[in-house]
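Scroll down for the structure; my scribbles are underneath it.
Hydrogens, waters and symmetry mates are skipped; everything else that's a heavy atom, side chains included, is used. Within every chain, numbering begins at 1; the chains are lettered A, B, ... in the order of the sequence lines, protein sequences first and strands thereafter.
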Amino acid sequence: MNDKRLEHINISAFQQDLLRWYEENKRNLPWRENNNAYRVWVSEIMLQQTKVDTVIPYFNRFMEKYPTVYELAEAEQQDVLKQWEGLGYYSRARNLQTAVREVVETYDGKIPDDPKQLGSLKGIGPYTKGAILSIAYNQPIPAVDGNVMRVFSRVLHIEEDITQSSTKKLFEYYVGEMISKEDPSSFNQAIMDLGATICTPKQPLCMFCPVMEYCQAYVEGIQESLPVKKKAKKQQKKKYIALLIQNKEGKYVIEKRPDSGLLAGLWQFPMIPADEIVESDWHRWLLENYKIDAEIKGSCTAIKHVFSHIIWNVDVRKATTNQETVSDSRLKFVSIEELKEYPFPVPHQKMIPFLEEK
DNA sequence: AAGCCGGGGTA
DNA sequence: TACCCAGGCTT
């Protein structure tokens, strides 16, 4: 391999300075109370593309409701999604439960410490596999995420585009060379803490960095221009009309989204794709697609919601119907109280306060 | 390799 | 706005 970047660095001294800093400065986080593999696993899934502060309350609630793999394995998927409501990337929740069920059935409830077995579980990719093996089982395996690539792109002056999959393998190689064989758990977590608190994306606090003397980018004064990352393309915009359809019993129509794709398995208020359907056709379109005959009223609020790859602009309108039942099995009439038991995506949660309003 | 998949926080 | 975040799955 290409070890030029490692020639100038004293790996053992780097490890020592990093680990000493970590011991004194590590963050006090709920999933660090112990190294229980299930807790590590759940935390790592929740932390995918999600900040620590966002995860903490979800993690605590989740652990209270599902303390071990057995409670989670036996839960209803809709209840798990309700626990995940607002956290995003809902396939994480579905995959986690699928994997937990496999652990219960195939491994007698014990989370595998074998890399091949662990990595074959649904939702456990290269990063999460490395994180669980190192943190829970103290195996010297890299756990390369965006944080780690940022830190090492600077320490080793690596200019490869970190959005490329080949680049991730390069970092896995280097971390494999650098990781402490005595305390891989602390090493991996130390890099994460360093990336989150000091080696930040913008204006890194190099003055407080425990490994600044080993950092090639700092020596060259180019830490702000690393890592190199290709720009993401802009999101496409989509317009919808969301309908709060009330019947004479005061109940509202909600709809379960398909089992795959965006917001899979979550519930929402019926939506008309306003890019495709002109206003004069709304009533007919609703009748044909939802089998609901409703009188659509004026707009009561507008909601903009930015996803990673789409932007929704939703015009929310009240509507009334004389129907008391719906023929489509993905549809339901529910009271405002009942509605709160269903998992809703955030943009639709924001519509709920407008239900009671007159 | 590129696209899909949420939501919140920051400069 | 734009960018970022303890990524993985599908195509």
Original post:
Contact class for A:Arg27 vs. all strands (heavy atom < 4.0 Å): base, sugar-phosphate, or nothing?
Top reply: base

Original post:
Distance-only, no hydrogens or angles: does the A:Tyr252 side chain make a donor-acceptor pair with backbone N or O of A:Phe333 under 3.5 Å?
Top reply: no

**OP:** For A:Tyr89 and for A:Ala232, find the nucleotide of DNA chain C with the closest heavy atom, then tell me which residue's nucleotide is more 5'.
**Re:** A:Ala232

**OP:** May I ask you to verify if any side-chain N or O of A:Ser91 is less than 4.0 angstrom from the OP1 or OP2 atom of B:dC5?
**Re:** no

Original post:
If you draw a 6.0 Å radius around CD in A:Gln235, do more than 12 non-hydrogen atoms from other residues or ligands fall strictly inside?
Top reply: yes

Subject >> Sub-6.0 Å ring centroid separation between A:Trp84 and A:Tyr58 >> reply: no

**OP:** Could you check whether A:Gln164 gets within reach of a base, just the sugar-phosphate, or nothing at all, counting any heavy atom under 4.0 Å?
**Re:** sugar-phosphate

**OP:** In whole angstrom, give the distance that lies between atom CD1 of A:Ile45 and atom P of B:dG6.
**Re:** 15 Å

Subject >> Nearest-angstrom distance from the residue atom CD of A:Gln236 to C1' of B:dC5 >> reply: 15 Å

Original post:
A:Leu263 near the nucleic acid: base, sugar-phosphate alone, or nothing, with a heavy-atom cut-off under 4.0 Å?
Top reply: sugar-phosphate

Original post:
Does anyone know the first and last nucleotide of DNA chain C in reach of chain A, 5' to 3', at under 4.0 angstrom to a heavy atom?
Top reply: C:dC3 to C:dT10

Subject >> Under-4.0 Å salt bridge between A:Glu338 and A:Lys332 >> reply: no

Subject >> A:Asp259 CG - B:dC5 P separation (whole Å) >> reply: 14 Å

**OP:** Take atom C1' in C:dC4 and the same atom in B:dG6, then report the distance between them in whole Å.
**Re:** 14 Å

Subject >> Pairing of A:Asp3 and A:Arg5 as salt bridge, 4.0 angstrom limit >> reply: no

Subject >> Rounded distance (Å) that lies between atom P of B:dG6 and atom NE2 of A:His348 >> reply: 13 Å

Original post:
Does the side chain of A:Asn188 pick up a donor-acceptor pair with the side chain of A:Ser134 at under 3.5 Å?
Top reply: yes

Original post:
NA contact type, A:Val148, heavy-atom cut-off 4.0 Å: base, sugar-phosphate, or nothing?
Top reply: nothing

**OP:** Assign A:Thr50 to base, sugar-phosphate, or nothing according to its heavy-atom contacts below 4.0 angstrom with the strands shown.
**Re:** base

Original post:
Between the base of B:dG9 and the side chain of A:Thr54, is there any donor-acceptor pair under 3.5 Å?
Top reply: no

**OP:** Would you indicate what A:Pro347 reaches in the nucleic acid, counting non-hydrogen atoms under 4.0 angstrom: base, sugar-phosphate, or nothing?
**Re:** sugar-phosphate

Subject >> Carboxylate-amine/guanidinium contact A:Lys256 A:Asp328, below 4.0 Å >> reply: no

Original post:
Using a cut-off of 4.0 Å on non-hydrogen atoms, how would the nucleic acid contact of A:Arg257 be classed: base, sugar-phosphate, or nothing?
Top reply: nothing

Subject >> DNA chain C contacts made by residues 301-315 of chain A, counting heavy atoms under 4.0 Å >> reply: none

Subject >> B:dG8 versus C:dG8 - spacing of their P atoms, nearest Å >> reply: 22 Å

Original post:
Do NZ/NE/NH1/NH2 and the carboxylate oxygens of A:Asp281 and A:Arg284 come within less than 4.0 Å?
Top reply: yes

**OP:** Go through residues 123-131 of chain A and report each residue with a non-hydrogen atom lying under 4.0 Å from DNA chain C, sorted by number.
**Re:** A:Gly123, A:Ile124, A:Gly125, A:Pro126, A:Tyr127, A:Thr128

Original post:
Taking the six-membered ring for Trp, are the ring centroids of A:Phe152 and A:Tyr174 within less than 6.0 Å of each other?
Top reply: no

Subject >> Residues A:Lys4 and A:Glu7 bridged, charged N to O under 4.0 Å >> reply: no

**OP:** On DNA chain B, check which nucleotide each of A:Leu266 and A:Lys202 is closest to and give me the residue with the more 5' one.
**Re:** A:Leu266

Subject >> 5' precedence on DNA chain C between A:Gly195 and A:Leu121 (nearest-nucleotide basis) >> reply: A:Gly195

**OP:** Give a yes or no on whether A:Leu226 and A:Met178 share a hydrophobic cluster (residues Ile, Leu, Val, Met, Phe, Trp, Tyr; joining criterion: side-chain heavy atoms under 4.5 Å apart).
**Re:** no

Original post:
Considering heavy-atom distances to DNA chain B, does A:Lys233 or A:Arg92 have its closest nucleotide positioned more toward the 5' end?
Top reply: A:Lys233

Original post:
If you draw a 6.0 Å radius around NZ in A:Lys116, do more than 12 non-hydrogen atoms from other residues or ligands fall strictly inside?
Top reply: no

Original post:
Is the Lys NZ or Arg CZ of A:Arg61 less than 6.0 Å from the centre of A:Tyr66's six-membered ring, within 45° of the axis?
Top reply: no

Subject >> A:Asp53 CG to B:dG8 C1', straight-line distance once rounded to whole Å >> reply: 11 Å

**OP:** Using a heavy-atom cut-off of under 4.0 Å over every strand shown, decide if A:Ile132 touches base, sugar-phosphate, or nothing.
**Re:** nothing

